Amino acid sequence: MSVVKTSLRNFFAHKGRMILSGMAVTLSVAFVCGTLVFTATMQTTFDKLFSQSASNVMVSPATAESSFEEGNPSGRPDSLPGSIVDDIEAVDGVETATGVVESTSIVAIGPDNDTVGPTTGAPTIGINWSDVELRIMEEPEGALPQGPGEVMIDGDTASSSGLGIGDTLSIVSVTGTSDYAITGVVDFATTNPGASIVYFDLATAQEILLGADGFTTVYVDSDGNVSDAELRDRVEAAVDSDDVRVLTADEFIQENQDALGEVFDIIRYVLLAFAMISLLVGVFLIVNTFTMLVAQRTREIGLFRAIGASRKQINRSVLIEALLLGVFGSVLGFLAGLGLAVGLMALMGAIGLNISTDDLTVSAAVPITGIVLGITVTLVAAYFPARRAGKITPMAALQDAGIPGDVRAGRIRAAIGGLLTVVGALLLVLTTTTDEVGPASGYVAGGLLLTLVGMVVFAPALVGSVVKVLSSVLLRGFGPVGRLAERNALRNPRRTGGTASALMIGLALVTSLAVVGSSMISSASKQIDEAIGADFMIQTSNWQPIPPDAADALRNADHLSATSDFMLMPAQVTTPDGETYEQSFSVVDESFPDMMRVEMSEGSLGEALAPGNVSIDAGRAEREGVEVGDELTITFRGGEETTLTVGAIVAPGSEAEGSPAYTSVATVAESVPEDAMPLPWMIMALADEGMVDEARASLEEAAGALPTLEVRDQADYKKMIEEQVGQLLNMTYGLLALAIIVAILGVVNTLALSVVERTREIGLMRAIGLSRRQLRRMIRLESVVIALFGAVLGVGMGLAWGLAAQQLLAMEGMDVLVLPWATIIVVFIGAALVGLLAALVPAFRAGRMNILNAIATE
């Protein structure tokens with residue numbers, strides 16, 4: 001019991017010193033718990049939507065895998081025949097069968113020619129109003145749409161767009177563009193996940209969304225006298241078609257949950273990965289904290305040992321302190337995680353994805369996972385300081401302070417760290433010796449792990465040489481104060497190395513990602529210069545196909561010598577050996593070779609676009625054992641099975657856009673009916689000679705009728721790619737910021753504890769003439785050197801990681817290597833600022849010390 005009392009006394013006696021370590025645990029656990037709660041709440045929101053909207057049996061086209069599948073490239077959703085509702089209603093056990101027509105291939109345009117609807121990726125949905133909608137919507141305000149000139153919109157869209165009853169809305173669909181009067185507004189009874197909904201009457205929905213009589217889904221409600229499974233079987237027998245899928249409500253809900261769950265899993269795993277990085281960085285903070293606390297209590301521990309405390313009791317005492325730290329930090333982290341989840345939900349609401357706090361989902365696994373993880377990490381981090389504390393002998397009671405360094409252990413540590421680093425570096429170098437992505441990825445993964453562990457272990461051995469170099473450049477100009485700062489940083493290499501390692505990890509990731517991002521941008525720019533010959537590329541900003549009316553207007557723009565439609569068409573491919581795989585084909589016309597140059601390993605683009613021919617990429621050809629001249633059995637979406645010949649093999653990485661498998665419009669049209677032909681995903685255009693500016697003006701005028709269309713030249717296209725990569729990098733840097741914040745806390749904690757450890761020394765220096773200003777400067781300079789030491793290691797390791805990762809990109813055709821010097825400079829400047837900021841509080845506290853009290857401190 002005395003061990004527990006001692007641990008509690010020490011913990012609360014040094015609670016100020018524990019706060020920063022506890023914050024590391026709290027932040028990391030908060031990130032873990034917040035991620036789990038946020039993604040679970042998103043899942044709950046959609047689960048409720050599925051479960052409340054589903055009927056006993058759901059009937060849909062066989063090609064519709066879930067509510068979240070990719071849109072049909074034709075712009076028309078897959079549909080069921082119009083007679084199917086009557087066939088289903090005649091089935092014994094069916095009370096009602098409700099046909100629904102739904103499509104996401106529409107654009108809603110307001111009176112000011114602005115897009116109405118979400119701008120964050122959520123769809124605008126066109127659908128007919130039926131009683132099924134009352135399961136998730138309130139009673140409408142106003143009148144239901146009746147006839148071809150009327151629509152109703154959801155309340156969130158009305159609010160965000162400033163539209164209401166009586167206003168006019170233009171709808172662009174695959175069948176054309178028409179104006180509609182808004183006759184009603186209807187609010188969601190459940191949480192709106194972010195979509196905009198435009199309601200039509202059934203006839204109008206069929207006309208503008210399908211261009212034919214039919215349905216995309218049939219909701220079948222039971223009369224209550226038959227189970228869902230039995231009703232499903234009866235409906236299947238009644239429709240008797242291989243083109244129809246019949247699911248029970250549970251199967252429908254599960255299918256959609258699985259489809260959406262894959263997306264949520266990616267979000268969850270990415271966020272948890274960054275949380276784990278933060279926890280890893282926090283380990284260094286906790287290790288340093290307990291190492292220094294043990295060192296400062298050496299005499300105290302020696303006295304305990306002298307009066308009979310065993311090694312196990314001393315060890316246990318330190319671990320109990322760590323347990324208390326882990327418990328408090330983890331519990332606070334769980335509570336903070338709930339706040340983080342609510343904050344993320346509010347952020348999603350601000351960008352259009354509405355998730356209600358009423359659906360906040362906190363399972364028992366969340367606090368258990370967070371708290372167990374936080375406590376485990378804290379105990380593991382405190383184990384080695386506790387073990388060293390247990391080795392303190394009673395003779396330490398006669399010493400002033402400190403645990404004597406184990407020189408032999410330090411040499412062994414340096415040797416192990418150096419060996420791991422060298423082996424890891426060799427693995428990274430091996431990425432240059434292979435052209436296969438699989439082995440190269442293994443080399444990169446192994447090299448990254450070994451160099452990370454190796455540098456963490458080896459960092460203390462580098463303190464002497466690197467800090468001396470940094471000091472000679474930065475500190476010598478500060479005279480004696482600079483030399484004192486240098487010696488303080490060199491005093492305990494293990495502590496300096498551990499503190500810098502925490503910062504090193506975050507900066508290494510930032511640097512490596514900057515290398516990869518810069519190389520991707522430059523490689524893409526090179527590909528655009530080499531591959532794209534078109535003067536202009538026109539696409540929609542919401543990544544939807546270009547509607548027919550808009551496409552015709554673009555093709556008929558003035559001052560153009562040629563245009564080419566670029567389409568994407570999914571297909572199922574069977575090789576001569578009977579292997580089947582899914583492939584998206586780039587479907588182009590005869591003008592395409594003038595717009596884009598595609599390098600071929602075998603054959604030519606012209607041969608690939610000959611009637612009855614296709615091309616496939618070199619990697620697929622090697623995997624499937626396919627050669628030029630082989631015949632493939634291909635079924636394009638919505639078409640019949642056909643046999644096509646491989647006319648060419650596309651060289652790796654030669655395609656600047658789209659799929660590396662090419663075929664012609666004429667070839668696809670041979671097996672696909674006209675209404676299933678894909679719409680252009682992009683239109684390329686060549687201007688008349690000397691008329692580039694006039695051609696652009698004409699294209700922009702043609703595109704003006706559809707506000708989602710964007711006209712880009714090659715410079716604009718490069719800028720778009722740069723912005724996309726930049727946004728991804730900024731998002732990643734934002735997630736890494738948590739790890740860097742924890743590393744900064746580590747520097748603050750190390751300096752604060754170091755000041756306490758040197759209290760008597762500081763008092764003596766003040767007594768012999770060191771001013772408060774000089775003392776504070778000394779601590780700031782020490783902090784800057786430690787931070788820059790971490791930056792040197794982080795940038796060096798990050799460059800090695802980035803160079804190896806770029807080798808992987810080169811195998812995919814992105815062969816331009818760019819070193820982001822601007823980012824590297826910013827990293828070093830940022831590290832220096834981190835050092836200055838981290839030293840503010842410790843330096844201020846040191847400057848306020850009473851000289852006599854400091855000298856009297858033992």
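Just the heavy atoms: all of them, side chains too, but no hydrogens, waters or symmetry mates, feed the values below. All values derive from a computational prediction rather than experimental measurement. Residue indices begin at 1 and follow the sequence shown.
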Backbone N or O of [Y] within a donor-acceptor pair of the [X] side chain at under 3.5 Å?
X      : Y      : value
Thr175 : Ile208 : yes
Asp713 : Asp535 : no
Thr432 : Val429 : yes
Gln714 : Ile532 : yes
Ser60  : Val218 : no
Thr645 : Glu631 : no

Qualifying residue, where the test is side chain to side chain contact (heavy atoms under 4.5 Å, CB included) with Pro547 and the options are Leu679, Leu706, Val174: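 The option that passes is Leu706.
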Between [Y] and [X], is there a salt bridge with N-O shorter than 4.0 Å?
X      : Y      : value
Arg696 : Asp716 : yes
Asp265 : Arg268 : yes
Glu251 : Arg232 : yes

Stepwise side chain to side chain contact (heavy atoms under 4.5 Å, CB included) test for Ser615 and Thr663: CA-CA 7 Å; Ser615 71; Thr663 193; over 6 Å; no
How close do [X] and [Y] get, heavy atom to heavy atom, and via which atoms?
X      : Y      : answer
Asp529 : Arg597 : O-NH2, 3.4 Å
Ala557 : Leu699 : CB-CD2, 3.8 Å
Glu102 : Pro77  : O-CG, 3.4 Å
Leu609 : Asp589 : CD1-O, 4.2 Å
Asp577 : Glu624 : OD2-O, 4.0 Å
Met567 : Pro678 : SD-O, 3.1 Å

Crowding at CD, Gln724 (>12 non-hydrogen neighbours, <6.0 Å):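 Enclosed.
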Whether over 12 other heavy atoms sit under 6.0 Å from Glu670 CD: no
Pair Thr574, Thr580: side-chain N/O donor-acceptor within cut-off below 3.5 Å: yes
Ring pair (Phe, Tyr, Trp, His ring centres under 6.0 Å) partners of Phe592, counting only residues at least two apart: Phe566, Tyr662
Contacts table for residues 798-810: side-chain donor-acceptor under 3.5 angstrom, sequence neighbours left out:
{"residue": "Trp801", "atom": "NE1", "partner": "Thr451", "partner atom": "OG1", "Å": "2.9"}
{"residue": "Gln806", "atom": "NE2", "partner": "Met814", "partner atom": "O", "Å": "3.2"}
{"residue": "Gln806", "atom": "NE2", "partner": "Val816", "partner atom": "O", "Å": "3.4"}

With sequence neighbours excluded, residues passing side-chain hydrogen bond (donor to acceptor under 3.5 Å, both in side chains) with Ser671: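 In terms of side-chain hydrogen bond (donor to acceptor under 3.5 Å, both in side chains), with neighbours along the sequence ignored, Ser671 is linked to no residue.
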